Amino acid sequence: MSILEEGYRSPGGSSRNRPHGNLNVLRASVLIVFAILTVRLVYMQIINGAEYARRSRENHIVEKNILPTRGLILDRNGQPLVQNVGVYTATLVPELLPKDQASRYKIYLRLEELTGASALDIQSKVKRAEENDQAYIEVQVQKYLTKEQALRLDEASVDMPGVSLSVTPGRTYPMGNEFSSLLGYIGAQTPEEAKNLGPKGYQLNEPVGKDGIEARYEDDLRGEVGFTANEQDAQGNLINALQTKDPVPGNSLKLAIDADLQKYVAELLQDSLDGTNGSYGPASVAAAVVMNPKTGEVYSMVSIPSYDNNIFAQPDARANELSALYHDNRHPFLNQALTSAAPGSTFKIVTATAGLETGNVTPNTTRCVNSKVLEIKGETGQIFDFLDWREQGCIDLRHGIAYSSNIYMYMTAGGIAQEGIPGLGGYDLEKSGVILANWARKYGFGAPTGIDLFNEAAGRVPDPGWKRRNYADPPYTETDRQWYLSDVYFTAIGQQDVLATPMQIARMTAAVANGGKLVTPHVVDEVIGPDGKTVRTIKTALKDVGVSAANIQVVKEGMHLSVTDSAGAGIRAYTPGIDIAGKTGTAEFYLPDGTKSQHAWFTGFAPYNDPDVVVTVYFDIGVGGDKAAPVASKIFKYFMANVKTK
Amino acid sequence: MSSLAYDRQGTWRGWDRFDYVLTLAALALVGLGLALIYSGSIRSYTGPVASFSNPVAKQVIFAFVGIVAMLLVSKLDYHYLTHYSWVFYVMGLVSLVAILAVGDAAGGSTRWFNLGPIQVQPSEFAKLATILTLARFFSEHGGDAKDLRTLLISLLIVAPMMGLVFIEPDLGTSLVFAAIWLGVVVVAGVSRSHLLIMGALFVALLPFIWTFAIADYQVERVSVLVDSQQDPLGASYNVNQSKIAVGSGQITGKGLTHGQQTQLRYLKVPTKDFIFSVLGEELGFVGAMFLFGLFILLLMRGIRAAQIAGDTAGQLVAVGIVMLILMQTFINVAVNLSIFPVTGIPLPFVSQGGSSLVSLFIALGILQSVVMRHRAYRQT
């Protein structure tokens, strides 16, 4: 008790002093402290409250995209040319990995075993992500897993926190290499593509069409991305499914292409590479176009050599093949039907038309070609030799076309001033060149045909202006820039500077066949929605060449004679039972090593009276009449027997 | 004689002077705290409602223990406590040393004794012991801190406590000690020039403290405040999430139990250190103002106790307790508002936690003791 008492009574004196402290300081500090906190609260809750509310929503609402099913591609008979498959990728989110390094490394090793990706690589990827503060973003461990790998990974991922299997839409192309240049392929976006596609709503893991139809019709094939919005807690557990928008599958494409014809033509060209080829060795590049001369429907478009477009679904596993293709100097990735080469005598159709339309020749203008050599004396008295491929005798325009007479065409386009024969522009060589070039352009040369595929070459139509521009700079001199008679002559027979694609030649042929209308070729016929209804049909755009019906009829007759006349240049395209008209082409050109070689062409249409089909065949090496014409004949035969045009 | 007189005047002597407003303000805070603890724990506590493991029930029990302790202490003359303050002081010091040796670590620091189901935080006890010791010291020295020697000795009383807490490490609590000392010496009449010199010295020493004495995790927490985006999933996680929680509450809040930050467990320790974020998110600015109002009322009643205290010891004890509550409230709310580095200080009367709640009610009991006895001393 005494303790209590002492405490209670507590030593006298000082403790009994009246307290004298100033407590207003304390009151003030209480108010100041809460004032500071209140100011901060006003700033956070009232001034910035809406922004924090937005961040709070983002914090717990997680949107996930659902990639749509890509549209299918079918041939004109409904045969599917592509298959949708899953592309399996092993992914991991660094943030979800265990914290201690030993168990992490165990996961890396297991992944190496399952997917073949090196554990060290995975480790450095994770490290990089963490250093960049991106540990929450999925890292791709290994792409393009096989189905077996994917299944094993999916099972094993249960024991590997952070690891998962991602499936993105992919394609396989079951129909073979014959369809590769036509269909193209899909693949992951390159960084540059991603920059352009991002604003269009593309997800980074979404594949895009890379070439061919896959690229050109990307917008149709892609569909619309769907999404789910889920409310998640901090551990990533699903609390609430808030919203779902189903993806809309892409539109399917029904092609004008006939798959069986495509296969047939491709095999035929492949088998014919080695065939009859004169003295210049086997061909290595070939192309063919089969199309409707009135509608522009492309029934078949073949490019040789081709490639397997399934390689791009396994770029790592098939890296060697891919590299070999990239280094192949025949350029397998180029669509040869859309790549230009000297068209040779097929171009005489242009020259003949120009002669008729300018009135420089009539159907009955007869030239006697009694020598294989036309000698022209130059200004300095020097003699220049211009050759024909045989002594043609005295022939009119139709036979000039049918026999593919060079000299007849020289005289038609450039004339022979010494003998008083005017050219297309009288005796003005430049004018002749311009007139010829203009007719070439009217037939669609020098510009893309507008086919529904990318990377189409424009070809080249030389004229005096082009020559001046092309040789404007040193080391070329004024001599190089001048427009000579030889320029007119060689252009008239489709050589030297003229370049055209097989598609352009086919289109010119179509124009002759249909009476003078330039079609816009198309490989796709119809865009079909996921509900099976037609979204739109692809129609050709027709453009008048501007040639009279009578004159086009003369050209047609010339082409008919070429195949039907026993001395016709295209006689080897003659096919019993099918009335074919056509034009051969054998274009001299110089190989990179300087040796002379020639391209082989044949372009024709059938039936002669009411043409249904145009066939254009091209080999990089060979003689048109010998090599291309028989191949075209077989294509006509197959086409007439097997292809349903409507 | 006086003990008999005390008895004669009856058990109820002084209860007419008991500060009910102070007590009701504290109880209102506890009640608000219970609501917030309920909201903050419904997603993580899955046991039965009527169970002692239910955090709400636990807190209610601790509140009752605290209220009983408050009543008992308020019956006790605070001079009894100041008289034995040195004993408490030594006990506090020993327990702080002991905890460094055997305590349980949490979040990088060692703060608790684990006594079976209850965790005891000796620093809570040490704070009261220090307040009592300081009060006694100044009352015996004429209640005057003007004398530099007196001031330095008072600093020596606080320094060991502060230092031990600091190396636990518990930056927040050591600041609370500093605030208690500052409040007491200011009211005890410290000379302004002394205060300025010491402040200047402290500022000069700050770089050394930063380099040698502050643990890495504290540096990290401080720098996270400066740039909370630098490590969104590491040290700044809590800072970001509490900011989002408080800010998104806006004016009226999302409603109790309806804050996504709280309910989806983006907030860590939502019933303890970050309970203010729960309040900010679910009850908004209005709720926060209500809370501040209760605290201001409570603290002003505490200052009133100091004002009417019968002697210097009573006044300084009251001042120390006011500073204790004020500083803890400030640090806790400031952490929640991202203007102070993350440090584990509970919100007085509101946060879940027995040690804190019981010791705060004991502190209120001491305040009541001062209030209830003020006339006795003035009259004599």
Side-chain angles (χ1 to χ4, degrees), chain A residues 1-11 13-27 29-61 95 133 135-136 231-235 237 239, chain B residues 2-3 6 77 79-84 139-143 183 186-189 230-233 243-251 260-261 264-266 280 284-285 288-289 292 295-296 299-300 303 306-307 309 311-316 319 322-323 326 329-330 333-334 337 339 377 380:
Chain A
M1 219 40 187
S2 67
I3 294 168
L4 187 89
E5 199 145 319
E6 232 179 78
Y8 180 61
R9 308 206 63 182
S10 204
S14 55
S15 78
R16 301 256 171 126
N17 287 349
R18 298 273 308 198
H20 58 285
N22 182 358
L23 294 165
N24 285 332
V25 181
L26 213 51
R27 291 196 182 91
S29 37
V30 168
L31 294 178
I32 288 168
V33 159
F34 284 99
I36 291 170
L37 297 177
T38 303
V39 166
R40 175 70 178 168
L41 266 176
V42 167
Y43 174 75
M44 284 174 74
Q45 295 191 303
I46 297 175
I47 298 175
N48 286 333
E51 164 66 12
Y52 281 115
R54 185 187 64 78
R55 282 177 61 187
S56 164
R57 274 193 301 280
E58 280 177 7
N59 215 358
H60 60 93
I61 294 178
E95 175 191 311
D133 275 345
Y136 56 96
E231 194 172 22
Q232 280 190 355
D233 70 10
Q235 281 76 42
N237 301 315
I239 302 296
Chain B
S2 56
S3 99
Y6 178 75
D77 189 334
H79 291 97
Y80 174 81
L81 297 172
T82 51
H83 182 81
Y84 287 101
S139 70
E140 283 174 358
H141 290 81
V186 166
V187 175
Q230 67 174 1
D231 178 18
L233 290 152
K243 250 184 178 167
I244 293 173
V246 173
S248 65
Q250 295 179 275
I251 294 176
Q260 293 95 346
Q261 288 292 109
L264 302 179
R265 288 184 275 174
Y266 288 91
F285 185 73
M289 287 304 106
F292 287 1
F295 269 116
I296 290 170
L299 291 165
M300 288 303 178
I303 295 169
Q307 187 84 63
D311 59 0
T312 302
Q315 181 173 63
L316 295 183
V319 167
V322 166
M323 286 309 287
L326 175 65
T329 306
F330 173 69
V333 176
L337 300 182
I339 50 178
Y377 293 97
T380 45

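Lettering of chains follows the sequences in order, A, B, ..., and the numbering in each one begins at 1. As the structure is a computational prediction, the values presented were derived from the model and not from experiment.
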Quiz item: Based on non-hydrogen pairs under 4.5 Å, which of A:I47, A:T38, A:N48 is most in contact with chain B?
Solution: A:T38

Practice problem: Please step through side-chain contact (heavy atoms from CB on, under 4.5 Å) for the pair A:Q45 and B:V246, ending with a clear verdict. | Solution: CA-CA 7 Å; A:Q45 295 191 303; B:V246 173; 3.9 Å; yes

Practice problem: Find the one option among A:L41, A:L37, A:V33 whose heavy-atom pairs under 4.5 Å with chain B are most numerous. | Solution: A:L37

Quiz item: Are the side chains of B:T329 and A:F34 in touch, meaning some heavy atoms are under 4.5 Å apart?
Solution: yes

Self-check item: Evaluation steps, side-chain contact (heavy atoms from CB on, under 4.5 Å), between B:V333 and A:R40
Solution: CA-CA 10 Å; B:V333 176; A:R40 175 70 178 168; over 6 Å; no

Quiz item: What do the steps show when you test A:V42 against B:F285 for side-chain contact (heavy atoms from CB on, under 4.5 Å), and what is the final call?
Solution: CA-CA 8 Å; A:V42 167; B:F285 185 73; 3.6 Å; yes

Self-check item: Distance, nearest 0.5 Å, that separates CD1 of A:I36 from CG of B:L337
Solution: 11.5 Å

Quiz item: Out of curiosity, B:I244 CD1 to A:R55 CZ, how far, rounded to the nearest 0.5 Å?
Solution: 4.0 Å

Quiz prompt | Over all atoms of both residues, closest heavy-atom pair of B:S248 and A:A53 | solution = CB-CA, 3.5 Å

Exercise. Under 4.5 Å heavy-atom distance to chain B, tell me which part of A:V30 shows up: side chain, backbone, both or neither.
Key: both

Quiz item: Between B:G280, B:G247, B:G314, which residue shows the highest count of heavy-atom pairs closer than 4.5 Å to chain A?
Solution: B:G247

Practice problem: Please state whether the side chain, the backbone, both or neither of B:L299 comes within less than 4.5 Å of a heavy atom of chain A. | Solution: side chain

Quiz prompt | Within 6.0 Å of CD1 in B:I251, more than 12 heavy atoms from elsewhere | solution = no

Self-check item: Side chains of B:M300 and A:L31 in contact at under 4.5 Å (non-hydrogen atoms)
Solution: yes

Quiz prompt | B:Q307 side-chain N/O to A:L23 backbone N/O, donor-acceptor pair under 3.5 Å | solution = no

